[in-house]
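Take a look at the structure set out below.
From a predicted model like this one, the values you see are computed outputs, not experimental measurements. Sequence positions, counted from 1, serve as the residue numbers for this chain.
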Amino acid sequence: MSTSPGTCVEPLSLGPTGPFPDVPLRAPLERRWLHYAFLSRDSGQSVIANLSALGPDGDGHAPHRTTILLVHDREHGWHSSQFNADRPDHPWSSFRSPHAIGVAGDFDVAARTGVPAVKLRLRRTGRPCTSQSAAFGGGEHLRWQSEPGVLASGLVRLPGIERDVELLGYHERVRGRWSWPALGGWVFGFVNDPVGRSDEPPPTAVVFTLIQSRDPRAAASGSVMLWRRGRLVRHFPRRAFQVAVHDVLDRDQVVLVPPLARALGTAPAASVPRRLLITARSGSDRLLLDFRGSTAARIANPCETGLPAFSVHETLGACHVEGVVAGRRLDFQAPGIVEFAGGTGDADDH
């Protein structure tokens, strides 16, 4: 196509402009969510938000939308909204197109009571991984895409407290169709190396995922991924890494959320691992992640196909990362977040 000098050409858009396809949810177990998780570089504050949609109950019904906001403060502990937090109609997402690196956008989420609340400006500094997927059960599936190195600045509000914050974190999008018992559970986490300028991508970032579907057991899938200055440089597939856990968090360090869950007699969940070790190796590349949890918030998600809640334990702690990738050695320690999820099946599910 040729244009005359001075002609303004509109950018060509390929695919949907939003973070998800431009088609409505139709089946009751179809799901979509946007996940956000941030930590201050000194671990003083942590912010976690999940904005989700579940398919309608039937023809003529609207999808179910839920939003939950969690804030952890070193001095004041965990604070959580219910599942009905106020959220923007079009929340910031680096998966919207077009979306240039370095362009900030608003992200305001608040409990209906006013606290906790966040009023943040979010900005991507790198690129996401390719989309990944897991198939399990009777034709059920889950797809996800991850992006570390997201910067957040703004205000965090707790009861009687307001804090200006500078945060470093992670964003992902998830969609698919599944029931919680068929999914089984997952172990997921991320860590950004906080060294360097606060307006640049972290020098190193790691994201890992392990999907532990119940049927078939052989369908377990996952990955360990390494970014350098915003670029994905190494992907270890499931067959190239091992996972081990040791010890458990004291139950006094695990807080049940949202607040309403404590009033509904929610049954106890399995213990939360205190230490997580992941070793990845492929060719001459190797990576070791040693995460030691200190506190966790247990999000009790209702299960659409049974009574036991599906629990997502948002676990905060310190992570030591060591290894050699592409001939370059890395060794750093930084705050991280790990999710241990499960609980709709056997008592030993995590």
Side-chain angles (χ1 to χ4, degrees), residues 15-25 29-39 46-55 62-71 80-101 103-111 116-134 141-152 154 156 167-178 180 183 186 188-190 192 205 207 209 211 257-258 297 299 301 310 312 314 337 339 341:
T17 58
F20 299 110
D22 297 328
V23 295
L25 296 170
L29 293 181
E30 287 187 40
R31 307 174 191 270
R32 296 172 183 168
W33 73 62
L34 297 173
H35 187 72
Y36 309 78
F38 303 97
L39 300 128
S46 305
V47 173
I48 300 169
N50 206 77
L51 287 57
S52 64
L54 178 68
H64 300 278
R65 301 188 184 277
T66 63
T67 301
I68 187 168
L69 171 67
L70 280 69
V71 176
S80 171
S81 72
Q82 307 287 4
F83 279 120
N84 62 348
D86 290 324
R87 58 185 274 186
D89 291 333
H90 301 284
W92 179 95
S93 175
S94 56
F95 299 108
R96 296 189 185 278
S97 178
H99 193 122
I101 291 177
V103 177
D106 293 335
F107 184 73
D108 301 347
V109 180
V118 296
K119 189 175 182 63
L120 302 172
R121 295 278 288 174
L122 305 186
R123 182 161 57 90
R124 76 187 309 184
T125 63
R127 297 296 185 188
C129 68
T130 55
S131 182
Q132 302 178 77
S133 63
H141 69 281
L142 178 152
R143 298 184 65 184
W144 71 96
Q145 192 172 16
S146 309
E147 182 171 334
V150 178
L151 303 179
V156 170
L167 309 171
L168 176 60
Y170 167 91
H171 176 46
E172 73 171 359
R173 59 177 171 180
V174 179
R175 67 184 178 97
R177 180 184 181 278
W178 70 86
W180 294 121
L183 174 60
W186 70 70
F188 148 83
F190 75 91
N192 291 293
V207 176
T209 307
I211 305 296
V257 297
I299 306 175
N301 293 278
F310 184 85
V312 179
E314 301 283 0
I337 297 179
E339 288 183 352

message: Holding to side chain to side chain contact (heavy atoms under 4.5 Å, CB included), I want the full list of residues that pass it with Ala85, two or more places apart in sequence or in another chain.
response: Thr67, Ser81, Val109

message: Would you say that more than 12 heavy atoms from the other residues, nucleotides or ligands in this model lie under 6.0 Å from the NE2 of His141, or not?
response: yes

message: List the residues meeting side chain to side chain contact (heavy atoms under 4.5 Å, CB included) with Ala110, not counting sequence neighbours, and say none if there are none.
response: Ala117

task: Output all residues satisfying side chain to side chain contact (heavy atoms under 4.5 Å, CB included) with Ser93, sequence neighbours left out; order by chain, then residue number.
output: Pro19, Leu34, Tyr36, Phe95, Arg96, His171

- prompt: If you round to the nearest 0.5 Å, how far is CG of Leu54 from CG of Leu29?
  reply: 7.0 Å

message: Could you go through His35 and Ile48, starting from their C-alpha distance and side-chain angles, then the distance that decides it, and tell me whether this counts as side-chain contact (heavy atoms from CB on, under 4.5 Å)?
response: CA-CA 8 Å; His35 187 72; Ile48 300 169; 3.7 Å; yes

Contacts of Gln82 that satisfy side-chain hydrogen bond (donor to acceptor under 3.5 Å, both in side chains) - sequence neighbours left out: none

query: Which heavy atom of Tyr170 sits nearest a heavy atom of Ser146, and at what distance?
result: OH-OG, 2.9 Å

Shortest non-hydrogen contact from Gly55 toward His64: O-CD2, 3.5 Å

- request: State whether the side chain of Asn192 and the backbone N or O of Gly169 hold a donor-acceptor pair below 3.5 Å, judged by distance alone.
  value: yes

- prompt: Is there side-chain contact between Ile337 and Phe190, with heavy atoms separated by less than 4.5 Å?
  reply: yes

query: Taking all non-hydrogen atoms of both residues, which atom of Asp108 and which atom of Leu120 are closest, and how far apart?
result: OD1-N, 3.6 Å

Residue pair Glu147 / Pro128: nearest heavy atoms and the distance that separates them: OE1-CD, 3.5 Å

message: Under the criterion side-chain contact (heavy atoms from CB on, under 4.5 Å), I'd like the reasoning laid out for Thr130 against Gln145: C-alpha separation, chi angles, the key distance, then a yes or no.
response: CA-CA 6 Å; Thr130 55; Gln145 192 172 16; 5.6 Å; no

query: What heavy-atom pair brings Arg32 and Val23 nearest, and what distance separates the two atoms?
result: NH2-O, 2.7 Å

- line: Across all chains, not counting sequence neighbours, the side chain to side chain contact (heavy atoms under 4.5 Å, CB included) partners of Ser80 are Ile68, Leu70, Val257, Pro258, Pro259

task: Could you tell me whether the side chain of Thr66 and the main chain of Phe83 form a donor-acceptor pair under 3.5 Å?
output: no

query: Can you list the residues that meet the side-chain hydrogen bond (donor to acceptor under 3.5 Å, both in side chains) rule with Arg123, with sequence neighbours excluded?
result: none

field: CZ/Arg177: more than 12 non-hydrogen atoms of other groups inside 6.0 Å
entry: no

message: How long is the straight-line distance from CG of Leu25 back to CZ of Arg65, given to the nearest 0.5 Å?
response: 7.0 Å

field: Arg175 and Pro21, any side-chain heavy atoms less than 4.5 Å apart
entry: yes

- request: Indicate the atoms forming the closest heavy-atom contact of Leu151 with Leu168, along with that distance.
  value: CD2-CD1, 3.5 Å

message: Between Arg31 and Trp178 (side chain of the first, backbone of the second, donor and acceptor by atom type, cut-off under 3.5 Å), is there such a pair?
response: yes

task: Could you give me the CA-CA distance, side-chain angles and deciding distance for Phe107 and Phe38, then say whether ring pair (Phe, Tyr, Trp, His ring centres under 6.0 Å) is met?
output: CA-CA 13 Å; Phe107 184 73; Phe38 303 97; 7.2 Å; no

message: Any heavy-atom pair between the side chains of Val174 and Leu142 that's under 4.5 Å?
response: yes

field: Interatomic distance, Leu69 atom CG to Arg87 atom CZ [nearest 0.5 angstrom]
entry: 12.5 Å

message: Show, in sequence, the C-alpha distance, side-chain angles and deciding distance for Ile211 and Leu183, and conclude whether the side-chain contact (heavy atoms from CB on, under 4.5 Å) test is met.
response: CA-CA 8 Å; Ile211 305 296; Leu183 174 60; 3.8 Å; yes

